Amino acid sequence: MPQTVIYIDGQFYNKNEAKISVYDHGLLYGDGIFEGIRIYNNRIFKLEEHIDRLYDSAKAILLDIGISKAEMIDIHIATARKSGYQNAYIRTLITRGVGNLGIDPNKSEKPSIIVICDEIALYPPEKYTKGLEVITVATQRNGVNMFNASVKSLNYLNNIMGKIEANLAGAGEGIMLNSVGYVTEATADNVFILRNNVIITPPKHLGILAGITRQTIIDLAREHGYQVKEEVITRYDLFVADECFLTGSGAEVISVVKIDGRVIGDGTPGPVTNKLNQIYREYVANNGTEL
Ligand code: PMP
């Protein structure tokens, strides 16, 4: 029977046994980084890309993970194999590790490596067939001169504040702008629009998470003959878009049909979004690191 397996610093645990110290700075200060990775059909999707991004995040916060990327990949494969899941979700966490009650990261001797392989909770299927109604939220995405959102850090309160606004408004998601009003991303997904048959997504230099799904969609769309631009967009561009969709490892490709009360297209998932969704699903089912 497939089951949840959790790797912590060299040992495997089940869900009830897996524990970390309350002095871990990942808990005390959100001092750490993470990844969210999918397993489809017994293959880990874009594993190397996720590990590369993990090590970039680590470098940015001056955290020495202490093992090579190759060893990290082996840990992921071992954890996934041990779980027995053929379709699942991997959550990787690197925390600063156990320290004292002050914030100084130098007081933590070594980081903790945690790899959770568990089932994925998907959005309800009707969200994919009907599309999401979203709002733009007042909480601004961190600017690049603050803590760069390209770091996938354990401190997600910027995103969570945006998600709370979306929840309070009864919206399916919140789209976050930066300090000058440019669209950045949703609280846990990247944003795309279609306008006059051109697919547009905000550029990475705005300070967004460089989504693995975002890049996969850009590549697949181009391969299939679509024009894709990485360009700054505003709320106005969202309102007048022909189509809009969000991408993420968890969400995959999900259509947006209403933004701040403005109906997008005819209010149902558009043909290009549907096509990209189908291309994406076929691609993920057939590519990845074999288990
Ligand atoms: N933006 C944010 C803020 C995220 O947390 C995520 C991941 N859930 C994404 C975008 C999408 O990234 P990916 O495609 O790599 O999952």
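Everything quoted here is computed from the prediction, not taken from an experiment. Just so you know, ligand 1 is whichever comes first in the structure, and atom 1 is the first atom listed for that ligand.
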Q: Is a salt bridge present between Glu185 and Arg214, judged by a nitrogen-to-oxygen distance below 4.0 Å?
A: no

Q: Could you name the option among Arg53, Lys152, Arg141 that has the heavy atom nearest to atom 7 (C) of ligand 1?
A: Lys152

Q: Taking 4.0 angstrom as the limit and counting only heavy atoms of Gly248, give me the atoms of ligand 1 inside it, by number and element.
A: 11 (C), 14 (O), 16 (O)

Q: Quick test of your reading of the structure: of Asp189, Ile212, Asn158, whose heavy atom lies closest to atom 13 (P) of ligand 1?
A: Ile212

Q: Is it true that Ala188 lies under 4.0 Å from ligand 1, counting heavy atoms only?
A: yes

Q: Of the protein's non-hydrogen atoms, which lies at the shortest distance from atom 12 (O) of ligand 1, and what is that distance?
A: Gly211 CA, 3.4 Å

Q: With a 4.0 Å cut-off on N to O distance, would you call Asp52 and Lys69 a salt bridge?
A: yes

Q: When only distance counts, is Asn159 in polar contact with ligand 1, meaning an N/O pair under 3.5 Å?
A: no

Q: Please confirm whether His50 comes within less than 3.5 Å of ligand 1 when only nitrogen or oxygen atoms on both sides are compared.
A: no

Q: Would you check if Arg53 and Lys152 make a side-chain contact, meaning some heavy-atom pair closer than 4.5 Å?
A: yes

Q: Identify whether the distance between the nearest side-chain nitrogen and carboxylate oxygen of Glu230 and Lys204 falls below 4.0 Å.
A: no

Q: Give the residue and atom name of whichever protein heavy atom lies nearest to atom 14 (O) of ligand 1, and the separation in Å to one decimal.
A: Thr213 OG1, 2.6 Å

Q: Going by side chain to side chain donor-acceptor pair (under 3.5 Å), name the residues that satisfy it together with Thr273, two or more places apart in sequence or in a different chain.
A: Glu243

Q: Thr187 near ligand 1, heavy-atom distance under 4.0 Å?
A: yes

Q: Go through the structure and list residues passing ring pair (Phe, Tyr, Trp, His ring centres under 6.0 Å) with Phe34, not counting sequence neighbours.
A: Tyr156

Q: Note the single closest protein heavy atom to atom 16 (O) of ligand 1, along with its residue, its atom name and the distance in Å.
A: Ser249 OG, 2.6 Å

Q: Taking the basic N atoms (NZ, or NE/NH1/NH2) and the acidic carboxylate oxygens, is any pair closer than 4.0 Å for Arg235 and Asp260?
A: yes

Q: To the nearest 0.1 Å, how far is atom 2 (C) of ligand 1 from its closest protein heavy atom, and which atom is that?
A: Glu185 OE1, 3.4 Å

Q: Just so I know, are the side chains of Leu291 and Ile77 near enough to count as touching, which here means a heavy-atom distance under 4.5 Å?
A: yes

Q: How far is atom 5 (O) of ligand 1 from the closest protein heavy atom, and which atom is that?
A: Tyr156 OH, 2.5 Å

